[in-house]
Amino acid sequence: MEYTPGNIEVKWRKQWVDSKLYQVDNESDRPKYYVLDMFPYPSGAGLHVGHPLGYIASDIYSRYKRLKGFNVLHPMGFDAFGLPAEQYALDTGIHPAVSTDNNITRYKEQLNNLGFSFDWSREVKTCDPDYYKWTQWIFTQLFEHYYDLAADKALPISDLVTEFEQNGNAEIQAATTQTEIFSAADWKGMSEKEQRDILMNHRLAYREIGYVNWCEELGTVLANDQVKDGVSERGGHPVVQKAMPQWNLRITAYAERMLDDLNDIDWSNALKTMQRNWIGRSEGAQLFFDIEDRDAQIEIYTTRPDTIFGATYMVLAPEHELVEQLTTEGQRKDIDDYLAYVQSRSEIDRMSDKQVTGAFTGAYAINTFTQKRVPIWIAEYVLIGYGTGAIMAVPSDDERDQRFATKFGLEIIPVVDKSDYPGATLDDKIGKIINSDFLNGMEVKAAIKAITERIEEMGIGRKQINYKLRDAGFSRQRYWGEPFPIVYDENDFAHAVELEDLPVVLPETDDFKPGKGGKSPLSRLEDWVTTENGYTRETDTMPAVAGSSWYYLRYMNPHNTESFASPQAINYWQDVDLYVGGAEHAVAHLMYARFWHKFLYDLGKVPTKEPFKKLINQGMIQGVIEFAYYHKSSGKFISEDIIDQYDVNELAQMPVHIDFVTDYGSEESYLSEEGIEQFKNWRPEYKNAEFVTAADSDRFLTKSEVGKMSKSKFNVINPDEVVETYGADVFRMYEMFLGPIEASKPWDIQGITGVSKFIRRFWDLFFKNGNLHLSDAKPTKAELKILHATIKKVGEDIERFSFNTCVSAFMEATNELRKLKCNKASILRPMVILLAPFAPYTTEELWQLMGENESVHKATFPAYNEAYLKEDEIEYPISINGKKRATAVFATDASKDAIEKAALELESIQKWLEGKTVRKVIVVPRRMVNIVVG
RNA sequence: GCCGAAGUGGCGGAAUUGGUAGACGCGCUGGAUUCAAAAUCCAGUUCUCGCAAGGGAGUGGGGGUUCGAUUCCCCCCUUCGGUACCA
């Protein structure tokens, strides 16, 4: 019988759906195992060969776990809200819901072609009201809770109100921006607005006016991680700071727990480090300095209080609230000029040239320890958002302070002697303290402890832990996202929408243009904005990370209408055992998901502290990028995400010209007329696109390189074509065969013939002259050895996610069985099961041809028998001084002495021993022999 | 700059606890089959000296530990990823 993957795939795909093969119950006597893929954003470009890499790996692992007797949850869904669909709608008028739906259909088809064992009955889409009802509900819970630092968990706001009414806030330790202390009487005397403002300062989801990254071009606010080098990550548009009321999530309340619990999860070092850096914990001291002739103090934060005797000046961030008050008349002009300069500096300027700039306020602080007057400066190198927005500058032991002091001629007093540590840099926290009174002679570490204690005794400051992590701006001025479950009353007080009124459904419109003054398109829909009881709705929508922060929980019980998932379902599935996805989500998504999970844990809604026990980042399959692209009329680069929304033909027809630059061959080759011709031959689908030639292209430069596969880079290889030619099983195995799952590698179709050959050869073991031809004869020792060695190897390699070596093992076994002309059912039957996770279609077909009725995917993974792997004899390498000179075969149970004696007598060894003395002979049984001569 | 990961034939990669470096596959070379090609099959393929037998070198570079190092330690170089005035 000929191997026809196309027919086999169609047949089994239907059969698997009809028999609900991959549907999984929330009850089982089998142990549970939850394998999750990061769900995709369904872009218009469809899948390329890079996408499925992680899905294939997780599918193999899921199938393996099923064969091993686990009840495996392996779901899939779509991260369906997001900016690209909205941008596409603005350009084409096609509603995001429509384009998203089309894209999802396409994705599902492509995913199914690859034979993934997803339980589609559990599919979730973040844009589905039945789903985002619960995204909104979790938001209302964040709104109704505060973080209690004493209990170290989230508690209801109502508890806080009770406490305020009874005791004021003196006893409360909470994650808050509230600094003033008030009594119960104070509280009761406050206006409703004052009370509500204080409560807002405590909520885990809170509204605050703040500076946000405003992108005029996109008409929206961007998260910090969506801004790169002062321009938007999508599109590369300029971003400026703008004051707007924003919803924020108090993720900083969870900083410490997110840091601590990293120790308990099985993630890569690289990823954990990234998260640790992002959280950016630092220990130090926060303290006040008096200001000369002023009734004010400067509060600063430092990690090096031990160097306080070297603090010869102070620096405030330009935006610091004291700047106005401190500036003397004589310095007024300097300061105003400097503030104007800072205003004029865009983010890009700040990033690209870090100049040493600043201005003197004219005021002096008193260094409490030296009693010297130290000048107070402002400078842009001090950031308003970190610590207290003010520093004590120690130019002797801080590189930035040193540069600054040198430029402006400020005093430098050395306070740390590092002569005992040659090679130590300025930043290293080592050395002996000098010129510092009672700290003199102490090591840095001891001095930090001593001075911090002294500061606390003196009542001028305290030990303080700071984090780089910022609270998360959660408002987006867009249409295509979850509406906030928030309404405002006539006093503009925010109220959470009650559960029975959820979801707040995203209203219909066909006008997706940004609203006026940075408002979302929803603000135009007046009927929707005003509720029945006269309240006003929040018109911003949530960012894309909202829906992806908890989707793994919804899969556990996706159709529940009473809660986000039933307690029984959550209790059964617990958490994700294996999470597979790209490293590009290392920070944002994984931080939010961990934060939400911990919050739900505090509420008693989930049983585990962490959502994802083990995480694997699959590498990217890269393409060769041959050119740059930009929007010709605006002269701006086009965001790849946005281009990905478009069909190839649409792109070619676009009034926006896509221009190509490349150094394929040489820098000019595609820029010349000839080069463009060459390119069009290579990619005929772009024959209608307009190209620029070298003369027009002086403003952009890009070289060819290996990089991300993306439609915008015109280097996409579509898996459908590969599947068409070779079959899904070959495609799956080839992607695994390319290399370790975590490594990135360029796609090269050439090698696929090796895998294709392998599958055909494996298939051919079962047939003779086109007919099934299996033997019931007893297997030989050699055949059993091949089988059992493969069972052992494949089982162990799957466990350690080494799928590329599994494929090698299959090839080896097949080659050997072929040499032995093995057609014995007792060997081939377990081989089919072994191969089933990798090649689900082919093995299912062979399994049925062997007369089985149940699916091979319900079989049991075979066990290996060590007895079959035993060798009678082992070939030993024999080395002289570590260099292999001969090999010799000895019985497995030969004694060390016997091996040593025999090895020394070998003719091929003897000649190396002539005239030398044997000093030592090392025999490692079953491994090797090394003879040391001299 | 800082943090992290990595560097092995012409190419993708293997070597799981320090024990025969280069498994498996691609490519290439030669052969079989064919009118021919594709496909398929067989053999060879780290470099280098040599007709061969047999030497020499070899896992980014330099040192070290060890009977023995791709693997452990120190220094340096390169590439990729993250991050960037965080006091």
Side-chain angles (χ1 to χ4, degrees), chain A residues 225 228-229 268-278 280-282 284 300-304 307 315 350-351 354-356 379-383 385-394 397-401 403-404 425 427 466-470 583-584 586-587 617 619-620 622 706-707 734 737-740 742-758 760-761 793 796-797 799-800 802 804-812 814-815 875-887 908 911 919-924 926-934:
Chain A
D225 52 273
K228 286 232 158 74
D229 300 329
S268 75
N269 236 337
L271 203 62
K272 286 186 183 183
T273 311
M274 258 188 252
Q275 293 227 332
R276 285 194 189 106
N277 289 345
W278 197 258
R281 182 185 197 274
S282 74
I300 64 101
Y301 173 74
T302 178
T303 56
R304 295 296 306 274
T307 62
V315 186
R350 275 214 198 188
M351 299 280 188
K354 288 170 189 162
Q355 293 175 20
V356 181
E380 62 179 345
Y381 83 91
V382 174
L383 308 174
Y386 183 75
T388 59
I391 61 158
M392 65 172 203
V394 183
D397 283 276
D398 182 284
E399 206 191 307
R400 293 154 303 171
D401 297 345
R403 275 202 308 265
F404 193 84
T425 65
D427 300 332
N466 261 331
Y467 303 93
K468 281 196 244 177
L469 184 69
R470 297 273 79 96
E584 65 272 24
V587 185
N617 287 128
M620 263 191 309
Q622 299 156 316
V706 170
Y734 182 55
F737 189 59
L738 281 173
E742 302 199 67
S744 290
K745 49 246 158 184
W747 172 260
D748 172 15
I749 190 68
Q750 286 215 315
I752 202 169
T753 55
V755 176
S756 182
K757 250 188 253 177
F758 150 74
R760 282 162 200 279
R761 285 174 174 178
K793 172 85 176 149
E796 287 173 358
D797 284 2
E799 293 281 359
R800 63 188 182 103
S802 179
N804 54 332
T805 52
C806 288
V807 179
S808 297
F810 284 125
M811 289 174 168
E812 248 177 303
T814 304
N815 288 343
E875 192 188 45
Y876 282 70
I878 312 218
S879 304
I880 311 282
N881 290 345
K883 180 92 191 161
K884 189 181 88 177
R885 294 298 178 187
T887 57
S908 50
K911 66 174 188 181
R919 299 202 188 277
K920 201 172 175 184
V921 179
I922 289 138
V923 178
V924 181
R926 308 174 65 95
R927 286 284 186 191
M928 44 65 67
V929 178
N930 190 19
I931 300 164
V932 186
V933 300

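Both backbone and side-chain heavy atoms feed into the values below; hydrogens, waters and symmetry mates do not.
Taking the side-chain contact (heavy atoms from CB on, under 4.5 Å) definition, one finds that Asn804(A) meets it with Pro740(A), Ser802(A), sequence neighbours left out.
What separates CD of Glu796(A) from P of rA23(B) is a distance of 21 Å, to the nearest Å. Residue Ile391(A) contributes atom CD1, which lies 14 Å from atom P of rC85(B) at whole-angstrom precision. Distance Gln275(A) CD to rC3(B) C1': 14 Å, rounded to the nearest Å. Residue Ile880(A) contributes atom CD1, which lies 11 Å from atom P of rG55(B) at whole-angstrom precision. Rounded to whole Å, the distance from OH on Tyr381(A) to P on rC86(B) is 10 Å. Between the NZ atom of Lys793(A) and the P atom of rA14(B) there is a distance of 10 Å, given to the nearest Å. We find that CD of Glu380(A) is positioned 11 Å from P of rC85(B), with the value rounded to whole Å. Straight-line distance from the CG atom of Leu469(A) to the C1' atom of rG82(B): 16 Å, rounded to whole Å.
The distance from the OH atom of Tyr734(A) to the CZ atom of Phe758(A) is 15.5 Å, given to the nearest 0.5 Å. Summarising the geometry, atom CD belonging to Gln750(A) is positioned 11.5 Å from atom CD1 belonging to Ile752(A); distances are rounded to the nearest 0.5 Å. For the atom pair CG of Asp401(A) and CZ of Arg304(A), the computed distance is 11.5 Å after rounding to the nearest 0.5 Å.
When the C1' atom is compared between rG44(B) and rG82(B), the two are found 46 Å apart, to the nearest whole Å. rU59(B) and rA23(B): their C1' atoms are spaced 15 Å apart (whole Å). Taking the P atom of each, rG81(B) and rA15(B) are spaced 25 Å apart, rounded to whole Å. Look at the P atom in both rC73(B) and rG4(B): the space between them is 14 Å, to the nearest Å. The P atoms of rU65(B) and rG13(B) are separated by 34 Å, rounded to the nearest whole Å. When the P atom is compared between rG1(B) and rU71(B), the two are found 26 Å apart, to the nearest whole Å. Between rA5(B) and rC86(B), the distance separating the two C1' atoms is 24 Å to the nearest Å. Nucleotides rC51(B) and rG64(B) are separated by 37 Å at their P atoms, to the nearest Å.
Between rU16(B), rC24(B), rA87(B), one nucleotide has an atom nearer to the side chain of Asp797(A) than all others, and that is rU16(B). Comparing rG4(B), rA15(B), rG19(B) against the side chain of Asn269(A) picks out rG4(B) as the nearest.
With a cut-off of 3.5 Å on both Watson-Crick or G-U wobble distances, the partner of rA23(B) is given as none. Pairing for rA15(B) is absent, judged as Watson-Crick or G-U wobble with the two contacts each under 3.5 Å. In this entry rC80(B) has rG4(B) as its Watson-Crick or G-U wobble partner, both defining distances falling under 3.5 Å. rU65(B) makes up no base pair with any nucleotide shown, lacking Watson-Crick or G-U wobble contacts both under 3.5 Å. In this structure, rA57(B) and rU46(B) make a Watson-Crick or G-U wobble pair, each of the two defining distances being under 3.5 angstrom. Applying the Watson-Crick and G-U wobble criteria (two distances, each under 3.5 Å), rC41(B) pairs with rG31(B).
When heavy atoms are screened at a 4.0 angstrom cut-off, Arg919(A) is found touching no nucleic acid atom at all. The residue Arg276(A) sits apart from the nucleic acid: no heavy atom pair falls under 4.0 Å. Looking at heavy-atom distances under 4.0 Å, Arg927(A) makes contact with sugar-phosphate atoms alone, never a base. Using a 4.0 Å heavy-atom distance criterion, Glu399(A) is classed as making no nucleic acid contact.
Between Ile391(A) and Tyr381(A), the closest side-chain pair of non-hydrogen atoms falls below 4.5 Å. Annotation: side chain of Arg400(A) is not in contact with side chain of Val356(A) (no heavy-atom distance under 4.5 Å).
Summarising the local packing, CZ of Arg276(A) is surrounded by more than 12 heavy atoms from other residues, nucleotides or ligands at distances under 6.0 Å. With a 6.0 Å radius and a threshold of 12 heavy atoms from other residues, nucleotides or ligands, Arg926(A) has its CZ atom at or below the threshold.
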Could I get a table of every N or O pair under 3.5 Å where one atom is in the protein and the other is in nucleotides 39-41 of chain B?
residue: rC41(B); atom: OP1; partner: Arg761(A); partner atom: NE; Å: 2.8
residue: rC41(B); atom: OP1; partner: Arg761(A); partner atom: NH2; Å: 2.7
residue: rC41(B); atom: OP2; partner: Arg761(A); partner atom: NH2; Å: 3.3

Look for any protein N or O under 3.5 Å of an N or O in nucleotides 65-71 of chain B and output each such pair with its distance, or none.
residue: rC67(B); atom: O2'; partner: Asn930(A); partner atom: ND2; Å: 3.0
residue: rC67(B); atom: O2; partner: Asn930(A); partner atom: ND2; Å: 2.8

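Between Tyr386(A) and rA87(B) there is a side-chain polar atom (N or O) within less than 4.0 angstrom of OP1 or OP2. OP1 or OP2 of rG25(B) has at least one side-chain nitrogen or oxygen of Asn815(A) nearer than 4.0 Å. The phosphate of rG55(B) (OP1 or OP2) has a side-chain N or O of Lys911(A) nearer than 4.0 angstrom. Under 4.0 angstrom from either OP1 or OP2 of rG56(B) there lies at least one side-chain N or O belonging to Arg885(A).
The glycosidic torsion of rG9(B) lies within 90° of 0, which places this base in the syn conformation.
Closest non-hydrogen pair, Pro877(A) versus Met928(A), comes out as CG-CB, 3.6 Å.
Salt bridge annotation for Glu399(A)-Arg403(A): present, with a cationic side-chain nitrogen under 4.0 angstrom from a carboxylate oxygen.
Judged purely by atom type and a 3.5 angstrom limit, Asp398(A) has no side-chain atom pairing as donor or acceptor with the backbone of Ala393(A). Panel note: side chain Asn466(A), backbone Ser282(A); no donor-acceptor pair is recorded below 3.5 Å.
In terms of polar N and O atoms assigned as donor or acceptor, the side chain of Lys883(A) never comes within less than 3.5 Å of the base of rU20(B) in a complementary pairing.
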